[in-house]
Amino acid sequence: MKRKITILGGGNLGQAIALGLLESGFSAAGDITITRRNVEWLSTLAGKGLSCLSNNVLAVRHADIVILAVKPFQVAGVLQEIQEALKPGAILVSVVTGVLLSELAALVVPDMAIVRAMPNTAVAIRESMTCICYHKVQELDKDYVQQLFQSLGKTVEIDEALMEAATVLGACGTAYAMRYIRANIQGGIEIGFDAVTASFIAAQTVKGAAELLLRNGTHPEYEIDKVTTPKGCTIAGLNEMEHGGFSSSLIKGVVASHKKIARG
């Protein structure tokens with residue numbers, strides 16, 4: 001079923017979501033509205049036929065789905081502003097970090113269907129890992145929201161208690177992966193490649209490794225074993241990394257990030 005989608009907040013994330021919905025074919029340009037105070041910053045989207053407004057109230061009047069993509073400190077003010085204009089039966093989808101479903105529910109009309117979603121920066125190329133949880137959302141609407149975010153990458157439904165952990169693993173994890181790739185590039189340069197070639201080889205290798213796990217559903221150790229031969233160069237490199245604390249450091253980093261986000 002075709003639905004009208006309004007994105008409140010035309011920053012990097014809001015614009016990436018709008019472009020992804022359009023370019024994936026999930027929504028037509030005429031069914032997407034996006035807002036930003038300085039609406040001229042949305043000229044590229046306007047040129048593609050999207051409705052770009054500076055007025056949040058006007059933007060939500062006919063919206064079936066309202067995606068909240070503002071900064072955390074703006075949430076209460078924006079929801080108070082649009083309260084009377086929301087269409088009956090509209091679904092609120094928040095992609096705002098750190099704002100709980102219970103906090104959102106306290107700011108809108110009783111029994112409103114609310115979704116909390118955590119995409120990552122790869123949403124810009126429709127390869128996001130988006131974690132989702134729900135509050136008073138019917139199954140049919142859950143399916144629609146899943147399809148919406150699947151047009152922007154992969155999705156998984158989780159308990160809200162794990163949303164901070166999902167932020168670390170799925171969002172901070174992008175930075176962890178980038179740091180590994182950067183180090184691999186530096187190693188590649190040291191053993192003879194120029195920076196451009198090393199970067200290309202390192203990035204494509206990581207992409208291929210990830211696809212093996214996603215498509216085959218295998219455990220990383222299974223794929224490691226396939227390229228690790230007795231007395232070979234792979235095991236020599238892996239053992240040297242482990243002696244230097246590679247896995248331990250990464251695990252400690254994940255846990256440290258989670259402690260930080262949990263403390264606030």
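The structure displayed is predicted, hence computed values, not measured ones.
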Side-chain heavy-atom pair [X], [Y] within 4.5 angstrom cut-off:
| X | Y | value |
| --- | --- | --- |
| I67 | I17 | yes |
| I5 | L148 | yes |
| F26 | D31 | no |
| P220 | L213 | yes |
| I91 | V115 | yes |
| H62 | K87 | no |
| V156 | I132 | no |
| I189 | F193 | no |

Within a radius of less than 6.0 Å around [atom1] of [X], do more than 12 heavy atoms belonging to other residues, nucleotides or ligands occur?
| X | atom1 | answer |
| --- | --- | --- |
| E190 | CD | no |
| D143 | CG | yes |
| K226 | NZ | yes |
| Q80 | CD | no |
| E84 | CD | no |
| Q138 | CD | no |
| E240 | CD | no |

Closest non-hydrogen atom pair, [X] against [Y]:
| X | Y | value |
| --- | --- | --- |
| R126 | G20 | CD-O, 3.4 Å |
| I201 | T205 | O-OG1, 2.6 Å |
| A63 | T6 | CB-OG1, 3.4 Å |
| A166 | C131 | CB-SG, 3.6 Å |
| L13 | P119 | CD1-CG, 4.1 Å |
| T33 | A59 | CG2-CB, 3.8 Å |

Cluster overlap [X] with [Y], hydrophobic side-chain contacts below 4.5 Å:
| X | Y | answer |
| --- | --- | --- |
| V78 | V96 | yes |
| V39 | L22 | yes |
| V95 | L169 | no |

Taking it one step at a time, do C52 and W41 satisfy side-chain contact (heavy atoms from CB on, under 4.5 Å)?
-> CA-CA 10 Å; C52 300; W41 285 84; over 6 Å; no
Atom NZ in K4, atom CZ in R61: separation rounded to 0.5 Å?
->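 Nearest 0.5 Å value for the NZ-CZ distance: 16.0 Å.
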Report the distance from atom CD1 of I7 to atom OG1 of T35, rounding to the nearest 0.5 Å.
->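 With rounding to 0.5 Å, CD1 (I7) is 9.0 Å from OG1 (T35).
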Compute whether any side-chain donor of one residue and acceptor of the other, for D194 and T197, lie under 3.5 angstrom apart.
->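 Note: D194 and T197 side chains meet the donor-acceptor criterion.
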Residue among V108, L107, L68 satisfying side chain to side chain contact (heavy atoms under 4.5 Å, CB included) with I114 =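 Exactly one option meets the side chain to side chain contact (heavy atoms under 4.5 Å, CB included) with I114, and it is V108.
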Apply the test side-chain contact (heavy atoms from CB on, under 4.5 Å) to residues D159 and C133: give CA-CA distance (whole Å), side-chain angles for both, the deciding distance (0.1 Å), then the verdict.
-> CA-CA 6 Å; D159 188 280; C133 55; over 6 Å; no
What class does the angle between the rings of F246 and Y180 fall in, given that below 30° is parallel, 30 to 60° is tilted and above 60° is perpendicular?
->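 Ring orientation, 0 to 90° scale: perpendicular.
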Is R116 close enough and on-axis enough to Y134, meaning under 6.0 Å and within 45°, for cation-pi?
->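 No, R116 and Y134 do not form such a contact.
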Audit row: H135, L104, side-chain contact (heavy atoms from CB on, under 4.5 Å) steps and yes/no | CA-CA 10 Å; H135 171 79; L104 294 166; over 6 Å; no
Salt-bridged, D141 to R3, with N to O below 4.0 Å?
->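 Looking at R3 together with D141, the answer is yes, because their closest N to O distance falls below 4.0 Å.
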Does the side-chain contact (heavy atoms from CB on, under 4.5 Å) test come out yes or no for T130 and M118, once each step is laid out?
-> CA-CA 5 Å; T130 302; M118 177 57 61; 5.7 Å; no
